Amino acid sequence: MKLNKQNNKVAIIMGSQSDYHIMKESEKILKLLKVRYQVLIVSAHRTPKRMVEFASSASTKGFAVIIAGAGGAAHLAGMVASLTSLPVLGVPIETKKLKGLDSLLSMVQMPKGVPVGCLAIDGAFNAGILAASIVSNSDQKVKLSLEKWRRIQTQSIKKTPK
Ligand code: RP5
């Protein structure tokens with residue numbers, strides 16, 4: 001498929017409504033960076049058909065990258081990655097019992113052949129930045145807004161603590 005501005009959207013998907021308070025952070029930075037995105041609840045085990053439909057049509061629907069947040073036995077990112085060749089960025093969500101170590105290992109320990117780019121536990125903000133960075137390879141406007149945002153961030157860091 002030809003790369004153009006029509007296929008530069010980011011999909012932000014999550015396993016449950018309960019992940020949204022974290023995944024909102026991806027939305028926040030993508031909005032700031034003026035990257036087009038869509039937010040969906042897609043559960044690998046509760047809505048498996050929705051997941052297959054989403055992942056297998058993501059590329060033709062114009063998504064360039066998928067951010068997948070999930071907690072516990074967080075198979076969502078890996079399952080989605082198995083159904084598309086788009087880059088999949090996994091955000092392990094913190095859980096009550098194991099503090100997100102379960103989610104982290106489920107994503108970071110993907111077996112050879114189907115990678116998931118795994119962010120930190122609850123690292124949805126960085127996932128958004130990384131998704132924008134991927135989109136910026138084929139979208140000059142996004143590249144400029146990302147570079148501007150990075151410059152402002154650098155300027156905001158004081159030399160001495162107060
Ligand atoms: C996972 O189970 C979701 O991604 C969520 O992090 C976790 C708990 O889901 P709920 O029981 O809160 O819906 O599938």
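Just follow the structure's listing: the first ligand is 1, and inside any ligand the first atom is 1. Quantities reported herein were computed from a predicted structural model and do not represent experimental measurements.
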> Looking only at heavy atoms, which two atoms of S145 and L33 are closest? And how far apart?
Replying inline: OG-O, 2.8 Å
>> Looking at non-hydrogen atoms alone, which of I41, I93, D19 comes nearest to atom 6 (O) of ligand 1?
In response: D19
> Should L86 and Y37 be counted in the same cluster of Ile, Leu, Val, Met, Phe, Trp and Tyr side chains packed under 4.5 Å apart?
Replying inline: no
> Of the listed options (R46, H75, H45, E94), which comes nearest to atom 11 (O) of ligand 1 when hydrogens are ignored and any heavy atom counts?
Replying inline: R46
> Looking at side-chain heavy atoms only, is the closest gap between V39 and M14 below 4.5 Å?
Replying inline: yes
>> By the definition side-chain contact (heavy atoms from CB on, under 4.5 Å), identify the one residue from L104, L76, D122 that meets it with I93.
In response: D122
> Is the closest N or O pair between S16 and ligand 1 shorter than 3.5 Å?
Replying inline: yes
> Should Q17 be listed as contacting ligand 1, given a heavy-atom distance under 4.0 Å as the test?
Replying inline: no
> For M107 and A68, which heavy atoms make the closest approach, and how far apart are they?
Replying inline: CE-O, 3.8 Å
> For atom 12 (O) of ligand 1, which protein heavy atom lies nearest, and how many Å away is it?
Replying inline: S18 OG, 2.6 Å
> Judging by distance only, is a nitrogen or oxygen of G71 under 3.5 angstrom from one on ligand 1?
Replying inline: yes
>> Show me which atoms of ligand 1 lie under 4.0 Å from any heavy atom of A70.
In response: 4 (O)
> Any salt bridge between K28 and E25, counting N to O under 4.0 Å?
Replying inline: yes
